[in-house]
Amino acid sequence: MALQAIRRVPWLNIAAVVAVAAAAFVLVTKNSQGFSARYILNASYDPTRELYDAINPRFVKHYEANTDSTVAVRQSHAGSTYQARQVASGELPADVVTLGLPSDVEILHTRGLIPDGWEKRLPNNSRPYESTIVFAVRKGNPHAIRDWPDLVKPGIEIMVPDPKTSGNGKLAALAAWGSVVLRGGTDEEARAFLKAIYDHAPFFTPAARATGIAFAVEKRGDVHLAWENEALREAKDSRGAIEVVYPPISIRAEPTVAWVDANVAKHGSLIPSKAYLEYLFTDEAQEIIAAQGYRPYKAEILKKHADRLPPINLFPITAIAGGWSEAQFKFFSDTGIIQSVYTPKPRAE
């Protein structure tokens, strides 16, 4: 079961931890002598609930088959940047983070919670899969939304998360910007396009899943700028009422993972935390990742799932900034591009 917000956990009171865990989390444990339980907390971004619901029990089985210990995994989900800030402040004592952007994990490095070179500790710069931003539209695509400029046609209402708190929101902004400048547009034209997108949004939710619920369940808006996995899930769950549109160009999203050195040292959880993240790069986990609508980093596994994850034109972050950290400053800092085109729009009802 995913937990939306977790505060300080009484780690010294093992009995209390077990009681809370039994009531609030999906725990997988082995009730045999000689095994001592170990709990790790994964702070993830908003849409990954189903992914880790599928991965966690398989990891537990894998871990227990290869060690003399049991393990249980707890989840926390919210907007990616919000999660990073909560972990950095100590409010969310995560053992591992599995966040939507490398720059969100870098927040922990800046705060001294993870060391220099953290991204080199796991394969593929600690990125077990990729994703992108696509369009979810109503059945039959009544507004003929095929490309980024179609989003701002008169009368279209866009559902997009807040770029200040959500990885989905940030990536949608970066993808929109790139769709202009990488096809010959100027920075001024890209800025105007971003402003137009935000003008077409009735409100901003703080994270991806709430935006998806507003679009798919409450039927708000005409188009949802969504993570690919979210759009695929919405289309499947809608039984034909929602369709997925792949624009001609979008951004290569690179969700990134790390164990939080400062926290695993306190909790004595380095071994299971490291094993958990290493498991994400195994063939078994890569197959689960693909089945859940994410693009596994292993090309041979991605190719096997090309019917659901087709080849698409994705541009890297280096096409519009020096890297993820530079993009964070250029676009999302207090003096960044987004600040000049964005006005907060909390949901009123």
Side-chain angles (χ1 to χ4, degrees), residues 80-81 100-103 130-137 141-204 208 211 215 221-228 230-231 243-254 295 310-345:
S80 184
T81 301
L101 298 99
S103 53
E130 295 179 351
S131 190
T132 191
I133 299 298
V134 299
F135 307 153
V137 299
N141 195 5
H143 293 281
I145 298 170
R146 301 295 179 191
D147 200 354
W148 292 92
D150 297 331
L151 296 174
V152 294
K153 292 187 294 189
I156 290 180
E157 195 172 68
I158 300 171
M159 303 305 297
V160 61
D162 196 315
K164 294 288 188 176
T165 58
S166 165
N168 182 167
K170 288 185 175 183
L171 288 162
L174 296 171
W177 182 274
S179 76
V180 175
V181 299
L182 297 180
R183 294 193 281 196
T186 66
D187 284 2
E188 290 73 20
E189 289 169 331
R191 192 185 301 264
F193 181 56
L194 271 179
K195 185 177 186 306
I197 285 178
Y198 295 146
D199 287 345
H200 280 251
F203 53 79
F204 300 127
T211 307
F215 177 76
D222 303 297
V223 57
H224 177 200
L225 307 190
W227 286 103
E228 181 181 24
E230 285 290 271
E243 300 175 3
V244 180
V245 172
Y246 284 90
I249 186 172
S250 195
I251 191 167
R252 176 176 293 116
E254 298 178 303
R295 294 175 177 261
I312 51 178
N313 180 20
L314 301 180
F315 65 84
I317 191 62
T318 51
I320 58 173
W324 289 104
S325 294
E326 182 180 310
Q328 170 63 30
F329 180 79
K330 176 180 176 181
F331 288 91
F332 306 109
S333 68
D334 290 342
T335 58
I337 290 167
I338 296 302
Q339 193 69 20
S340 68
V341 299
Y342 160 93
T343 301
K345 287 186 180 181

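For this chain, numbers begin at 1 and follow the sequence in order.
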Contacts of [X] that satisfy salt bridge (charged side-chain N to carboxylate O under 4.0 Å, His left out) - sequence neighbours left out:
X: Glu243; result: none
X: Glu230; result: Arg209, Arg233
X: Asp187; result: none
X: Arg252; result: Glu130

**Request:** Go through the side-chain N and O atoms of Arg295 and Ser131 and say whether any donor and acceptor fall under 3.5 Å apart.
**Result:**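 Short answer, no.
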**Prompt:** If we ignore angles and hydrogens, is there a donor and acceptor under 3.5 Å between the side chains of Ser250 and Thr132?
**Reply:**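 Note: Ser250 and Thr132 side chains meet the donor-acceptor criterion.
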**Asked** Quick check, are the ring centers of Phe204 and Tyr198 under 6.0 angstrom apart?
**Response**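 So the answer is yes for these two rings.
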Hey, what do you get for [atom1] ([X]) to [atom2] ([Y]), rounding to the nearest 0.5 Å?
X: Leu101; Y: Glu254; atom1: CG; atom2: CD; value: 9.5 Å
X: Glu157; Y: Leu151; atom1: CD; atom2: CG; value: 13.0 Å
X: Ile317; Y: Lys330; atom1: CD1; atom2: NZ; value: 8.5 Å
X: Thr211; Y: Trp227; atom1: OG1; atom2: CH2; value: 13.0 Å
X: Arg191; Y: Ser340; atom1: CZ; atom2: OG; value: 4.0 Å

Shortest non-hydrogen contact from [X] toward [Y]:
X: Lys153; Y: Ala144; answer: NZ-O, 3.5 Å
X: Val244; Y: Ala231; answer: CG2-O, 3.5 Å
X: Pro202; Y: Met159; answer: CG-SD, 3.9 Å

Mind checking side-chain contact (heavy atoms from CB on, under 4.5 Å) for [X] and listing every partner two or more places apart, or none if nothing turns up?
X: Val180; result: Glu189, Ala190, Phe193
X: Lys195; result: Asp199, Val341
X: Thr318; result: Pro316
X: Arg183; result: Asp147, Trp148, Pro149, Ser179, Pro248, Ile249

**Request:** Any pair with a residue in residues 153-190 that passes ring pair (Phe, Tyr, Trp, His ring centres under 6.0 Å), sequence neighbours left out, goes on the list, sorted by first then second residue, please.
**Result:**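 For residues 153-190, and leaving out neighbouring residues, the ring pair (Phe, Tyr, Trp, His ring centres under 6.0 Å) pairs sorted by first residue read Trp177-Phe331.
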**Asked** Would Trp324 and Leu174 count as a side-chain contact (heavy atoms from CB on, under 4.5 Å) if you check the C-alpha gap in whole Å, the side-chain angles of each, and the deciding distance to 0.1 Å?
**Response** CA-CA 11 Å; Trp324 289 104; Leu174 296 171; 3.9 Å; yes
**Item:** Test side-chain contact (heavy atoms from CB on, under 4.5 Å) applied to Thr186 and Val181, step by step
**Value:** CA-CA 6 Å; Thr186 66; Val181 299; over 6 Å; no
Who passes side chain to side chain donor-acceptor pair (under 3.5 Å) against [X], sequence neighbours left out?
X: Tyr342; result: Asp162
X: Gln339; result: Lys164
X: Asp222; result: His143

**Prompt:** Hey, does Ile145 have a side-chain heavy atom less than 4.5 Å from the side chain of Asn141?
**Reply:**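 Touching, per the 4.5 Å side-chain cut-off.
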**Heavy-atom side-chain proximity of Ile338 to Leu194 below 4.5 angstrom** =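 Yes, their side chains come closer than 4.5 Å.
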**Prompt:** Within the distance-only criterion (no hydrogens, no angle test), does the side chain of Ser80 pair as donor or acceptor with the backbone N or O of Gly100 below 3.5 angstrom?
**Reply:**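 Pair found, side chain donor or acceptor close to backbone of Gly100.
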**Message:** Is it the case that the side chain of Ser166 and the backbone of Pro163 share a donor-acceptor pair, with hydrogens and angles ignored and the cut-off at 3.5 Å?
**Reply:**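 No: the side chain of Ser166 does not pair with the backbone of Pro163.
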**Worked verdict on Ile158 versus Leu225 for side-chain contact (heavy atoms from CB on, under 4.5 Å)** = CA-CA 7 Å; Ile158 300 171; Leu225 307 190; 3.9 Å; yes
**Message:** Would Phe135 and Arg146 count as a side-chain contact (heavy atoms from CB on, under 4.5 Å) here? Give the steps.
**Reply:** CA-CA 8 Å; Phe135 307 153; Arg146 301 295 179 191; over 6 Å; no
